[in-house]
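Before any comments, here is the structure.
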Number of protein chains: 2
Amino acid sequence: MNLVTSVDPRTGNNVETVAAHTSDDEVAAQCRAAARATGVLGATEPARRAQLLRAIATELENNRDGLVPLADRESALGPVRLHGELTRTTNQLRLFADVVTEGSCFEATIDHADPAATPPAPDLRRVLVAIGPVGVFGASNFPFAFSVAGGDTASALAAGCAVVVKAHGAHPALSAAVARIMREVCVAHGLPAETVGLAFGRAAGQALVQDPHIKAVGFTGSESGGRQLFDLACARSDPIPFYAEMGSLNPLIVSAGAALERTEQLAAGIAGSVTLGHGQFCTKPGVILIPAGAAGDALLDRLGAQITAVAPQYLLSSGIRDAFHEGVERLLRTTRVEEAARGSRPDGAGTLAEAVLAQTDAATVLHDRSVLTECFGPAALAVRYRDEDELIQVLEAVPPSLTVSLHAGAEEIGLITRVRDVATRRTGRVVFGGYPTGVAVGWAQHHGGPYPATSCSLFTSVGASSIRRFLRPVAYQSWPDALLPPALQEANPLGIPRRVDGVLEPAHPVRD
Amino acid sequence: MNLVTSVDPRTGNNVETVAAHTSDDEVAAQCRAAARATGVLGATEPARRAQLLRAIATELENNRDGLVPLADRESALGPVRLHGELTRTTNQLRLFADVVTEGSCFEATIDHADPAATPPAPDLRRVLVAIGPVGVFGASNFPFAFSVAGGDTASALAAGCAVVVKAHGAHPALSAAVARIMREVCVAHGLPAETVGLAFGRAAGQALVQDPHIKAVGFTGSESGGRQLFDLACARSDPIPFYAEMGSLNPLIVSAGAALERTEQLAAGIAGSVTLGHGQFCTKPGVILIPAGAAGDALLDRLGAQITAVAPQYLLSSGIRDAFHEGVERLLRTTRVEEAARGSRPDGAGTLAEAVLAQTDAATVLHDRSVLTECFGPAALAVRYRDEDELIQVLEAVPPSLTVSLHAGAEEIGLITRVRDVATRRTGRVVFGGYPTGVAVGWAQHHGGPYPATSCSLFTSVGASSIRRFLRPVAYQSWPDALLPPALQEANPLGIPRRVDGVLEPAHPVRD
């Protein structure tokens with residue numbers, strides 16, 4: 001029997017055995033149970049789902065003192081970051097409670113009958129409903145915020161969908177602990193424990209994507225892993241939406257003006273963004289576009305000093321450490337490394353790694369684009385460009401990314417406009433004068449982008465609108481009012497914003 | 001060279017040669033041009049796109065007297081139906097003009113900066129933008145409404161996306177004529193002619209789906225054709241959304257009470273819906289659930305008489321005629337045909353076909369589900385059920401459909417509720433006391449459903465929200481206000497509804 005063990009990345013030691021790998025039969029049973037649970041959860045009114053989400057948030061907070069040390073033992077991310085991440089996770093649950101209570105997300109739309117039309121138009125009412133049970137693949141780098149109780153799960157529950165989470169192998173003990181808490185909250189709220197399922201092991205993940213009860217999947221992870229599972233989802237006899245957020249290079253551009261004016265400030269800011277969480281963010285700027293010339297030389301010099309001055313830290317797992325070393329080797333092979341990257345080599349069983357800045361010029365990158373590949377961890381590639389045209393060429397050569405960031409003077413309108421237009425086509429978030437790491441959970445957030453940043457550019461995996469991924473429309477034609485979903489009943493008992501005969505009607509207060 | 005010929009289905013004669021099959025190189029050139037055109041169209045303000053859509057509608061109306069006879073010659077659908085369909089098509093273009101002018105469809109969302117938050121939150125503004133050039137596959141059965149100027153094209157143009165349409169082989173001359181009109185309108189409005197491209201031939205269709213410039217595809221047609229192209233779209237190195245509406249069985253349920261109370265009215269209504277457009281609607285009720293017992297016997301008797309009394313009519317093409325005959329043979333083989341289906345056999349080169357009603361009982365269907373397959377054309381299968389449980393079992397056995405219709409007495413609340421709950425899971429539109437054919441173009445319409453009704457249950461191919469298929473989100477962080485898309489500028493120059501700091505703000509008037 002394959003066992004799932006919890007490994008301390010600081011030592012490489014197996015600390016405990018968490019579970020056995022989940023068998024195909026067990027995955028099937030969990031998915032069946034999740035379908036039944038979706039029947040219950042999907043039929044609840046949004047206010048009840050909001051209560052559930054808030055109660056999960058509260059219970060996670062109540063268990064903070066046990067969960068954070070456990071997360072730290074499995075991720076080595078440190079308590080400060082993990083406390084912050086848990087807060088972000090519970091805030092996210094509470095935001096989604098607000099979003100479903102506000103109710104616009106269900107897009108309730110009513111066209112009253114028009115007997116005078118040619119042909120006569122029947123009464124037609126459309127609303128978004130739960131798509132069905134959702135498979136969720138937790139990420140290694142956010143053991144709270146993109147894992148069992150993370151964004152995919154929170155948005156699926158908000159939509160009325162039960163989830164079966166495939167626990168990430170880097171934090172199985174934390175995953176089990178969080179799932180246990182969530183299941184207890186579900187039961188306490190009169191919902192099936194199976195509203196939150198949990199599976200372990202790679203084979204279980206593949207079975208999950210192929211299970212006939214699963215109707216959508218949320219995934220955060222590598223491009224290769226995401227694509228493999230995406231292909232399984234598409235090859236089903238009934239293909240399902242597979243939402244993979246697969247990371248990216250996140251080009252960050254410094255204009256000649258900015259390099260000259262804000263050398264020190266930019267060096268510190270970029271170095272901080274590259275090494276935040278020891279570079280283990282999908283929004284880490286992996287390609288830094290720096291102008292040729294003296295100002296760029298000075299910036300690069302300061303940036304190299306700042307990055308290589310960062311103290312070695314532990315990476316999330318030995319797998320990520322090994323992949324990081326391979327990525328650094330690739331950078332060293334394929335770029336002219338004018339500044340010696342100190343690199344980092346395995347030092348025994350732990351995952352300690354040093355930060356790296358490689359550099360090259362635009363012509364080299366445009367000649368051999370293989371270097372434009374994400375290196376997950378504390379590494380970045382500085383690319384020098386001679387002029388605006390070359391800058392744009394490199395930007396077009398970088399595969400579509402989650403973010404593009406630009407540091408320029410407000411007066412450089414020509415440059416800003418060109419970058420905006422290219423970036424709008426090739427990314428999900430365009431940042432001006434800032435850094436891409438740090439993805440606030442709010443109404444306007446977008447965390448996505450054209451392939452390979454994500455498998456489906458139409459949706460976000462962070463923020464209020466991520467709920468839309470797990471909803472599908474149903475229209476009711478001439479249906480008896482009392483038997484319509486409450487969102488569509490004439491009297492609007494939920495008090496939500498609706499579009500009625502083409503006109504957006506605002507929310508109205510509902511008596512308790 | 002393969003030539004594209006226009007065939008008259010009434011005679012089987014080739015009337016004219018329209019074009020050569022479009023070569024792979026020509027498809028690639030059209031897609032490149034569509035990418036450039038999308039750069040222009042996508043950057044226009046919604047009001048300008050609305051003008052374009054309205055001008056196309058006007059120009060199609062102006063050419064009505066030429067287009068309708070041409071459509072009739074290629075489809076044999078008759079001038080009355082085709083005049084109505086053209087009106088529906090131009091109304092659809094005008095609705096989408098209204099939708100983009102109203103502007104909610106762009107989901108403009110603004111979260112102002114909050115320096116007091118932990119961590120400080122930057123200014124973040126999200127809007128939906130054109131996804132890129134769209135491939136459109138016209139359908140045989142709606143030469144206007146689901147073809148070159150149909151719903152997929154109209155919604156793509158509304159979203160700011162240029163299109164390359166793969167003309168349906170059943171109406172190539174009409175496709176060429178409509179595309180010519182649309183391209184002339186584009187040029188007259190200062191937009192590239194290549195905003196509307198047109199390709200001919202099956203190979204061109206496959207090249208279109210695989211072209212790297214194409215970023216989404218809308219398709220209406222058969223399940224086998226749709227799935228084949230869906231698989232190509234998913235297998236791309238950069239998979240793209242493929243929206244296929246693939247038709248369905250559209251179960252229609254008659255309760256025991258309704259059968260007794262409204263025998264004559266139901267027989268006429270169902271027969272009319274089955275044979276409307278000679279059964280060539282994707283919403284044709286293909287499975288009619290009729291109760292066992294005397295009331296059901298009477299209804300079936302009257303229904304059979306009504307359907308077989310329908311005069312033979314011409315089908316759209318010889319391919320559809322052949323598939324229809326195969327489908328009827330399949331029905332005759334696998335159901336106990338208690339009432340002789342008169343069927344219909346090829347009579348020379350034309351596509352004349354008679355309407356068919358086959359029948360069987362629920363137990364037979366549940367034993368051999370192969371009969372639950374769409375037969376495109378004027379055929380339906382009546383299935384007798386003994387009780388509510390058996391009815392629900394059959395409903396669960398029918399593959400997910402575009403629609404489910406229920407005729408029941410208002411007092412049969414238990415039945416209505418059960419059908420509603422199953423149908424909500426398994427269909428896109430639930431009709432009470434009516435018929436599924438006739439899909440009004442409005443704000444609340446939903447034309448979709450779980451696979452195999454469509455390849456992606458999240459979206460509709462008819463109605464205001466179909467535009468969402470061709471939009472993707474982009475967020476601008478801390479971006480200079482004057483260089484933001486107008487939808488996101490602080491002063492709201494478009495006057496559209498927006499969500500600001502979590503609160504939905506209504507539209508406001510804009511000075512001209």
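Just so we're on the same page: letters track the sequence lines, and every chain starts at 1. When reading the values below, keep in mind they use all heavy atoms of this one structure, side chains included, and skip hydrogens, waters and symmetry mates.
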*asked:* Is A:Pro119 close to chain B through its backbone or its side chain, or both, or neither, when contacts mean heavy atoms under 4.5 Å?
replied: neither
*Can you say whether A:Leu406 sits under 4.5 Å from chain B via the side chain, the backbone, both, or neither, judging by heavy atoms?*
side chain
*Could you tell me whether B:Arg468 and A:Glu107 make a salt bridge, using a distance below 4.0 angstrom between a side-chain N and a carboxylate O?*
no
*asked:* Do B:Ser461 and B:Tyr243 have side chains that approach each other closer than 4.5 Å (heavy atoms only, starting at C-beta)?
replied: no
*asked:* Using 0.5 Å steps for rounding, measure from the SG atom of A:Cys456 to the CD1 atom of B:Ile240.
replied: 11.0 Å
*Quick one: what part of A:Ile110 sits under 4.5 Å from any heavy atom of chain B, side chain, backbone, both or neither?*
backbone
*Is the shortest distance from a Lys or Arg side-chain nitrogen in B:Arg94 or B:Asp98 to a carboxylate oxygen in the other one below 4.0 Å?*
no
*Contact part of B:Pro241 toward chain A, heavy-atom cut-off under 4.5 Å: side chain, backbone, both or neither?*
side chain
*What part of A:Ser237 is in contact with chain B, defined as an atom under 4.5 angstrom from a non-hydrogen atom: side chain, backbone, both or neither?*
backbone
*asked:* Under a 4.0 Å threshold between the charged nitrogen and the carboxylate oxygen, would A:Arg425 count as salt-bridged to A:Asp421?
replied: no
*Contact part of B:Ala216 toward chain A, heavy-atom cut-off under 4.5 Å: side chain, backbone, both or neither?*
neither
*Option that, when pairs with chain B are counted at under 4.5 Å, heavy atom only, ranks first among A:Ala482, A:Pro480, A:Gly433, A:Ser455*: A:Pro480
*Could you check which of B:Thr460, B:Leu471, B:Thr424, B:Val99 has the highest count of heavy-atom pairs closer than 4.5 Å to chain A?*
B:Thr424
*Is the closest side-chain heavy-atom distance between B:Arg126 and A:Ser465 below 4.5 Å?*
yes
_For chain A, which candidate among B:Val474, B:Leu458, B:Ile413 shows the most heavy-atom pairs at distances under 4.5 Å?_
B:Leu458
*In terms of heavy-atom proximity below 4.5 Å to chain B, should A:Tyr435 be classed as side chain, backbone, both, or neither?*
backbone
*Using a strict cut-off of less than 4.0 Å between a Lys/Arg side-chain nitrogen and an Asp/Glu carboxylate oxygen, indicate whether A:Arg125 and A:Asp111 qualify as a salt bridge.*
no
_Atom group of A:Cys234 that falls short of 4.5 Å from chain B, counting heavy atoms_ = both
*Hey, which of A:Ala233, A:Ala440, A:Ala117, A:Ser457 has the most heavy atom pairs under 4.5 Å with chain B?*
A:Ser457
*Separation of A:Leu95 CG from A:Arg88 CZ (nearest 0.5 Å)*: 11.0 Å
*Who among B:Trp479, B:Phe470, B:Tyr476 has the most heavy-atom pairs with chain A under 4.5 Å?*
B:Trp479
*Does a side-chain heavy-atom distance below 4.5 Å link B:Arg426 with B:Ser401?*
no
*Examine whether an atom of A:Ala108 lies under 4.5 Å from a heavy atom of chain B, and if so say whether it belongs to the side chain, the backbone or both; otherwise answer neither.*
neither
*Structural part of A:Pro506 lying under 4.5 Å from a heavy atom of chain B*: neither
*Quick one: what part of A:Thr427 sits under 4.5 Å from any heavy atom of chain B, side chain, backbone, both or neither?*
backbone
*Do you see a donor-acceptor pair shorter than 3.5 Å between the side chains of A:Asn250 and A:Thr403?*
yes
*Count the heavy-atom pairs under 4.5 Å between each of A:Val127, A:Val500, A:Leu124, A:Asp238 and chain B, then report the option with the highest count.*
A:Leu124
*Check whether A:Arg499 gets within reach of chain B through its side chain, its backbone, both or neither, counting any heavy atom under 4.5 Å.*
side chain
*Taking every heavy-atom pair that is under 4.5 Å apart, which of A:Pro122, A:Gly42, A:Pro239 has the most such pairs with chain B?*
A:Pro239
*Any chance you could lay out the salt bridge (Lys or Arg N to Asp or Glu O under 4.0 Å) test for A:Arg81 and A:Glu85, step after step, and finish with the verdict?*
CA-CA 6 Å; A:Arg81 146 73 191 269; A:Glu85 190 186 323; 2.9 Å; yes
*Please tell me if the side chains of A:Val134 and A:Arg469 come closer than 4.5 Å, counting only heavy atoms from C-beta onward.*
no
*Engaged part of A:Gln445 at the chain B interface, taking heavy atoms whose separation is under 4.5 Å*: both
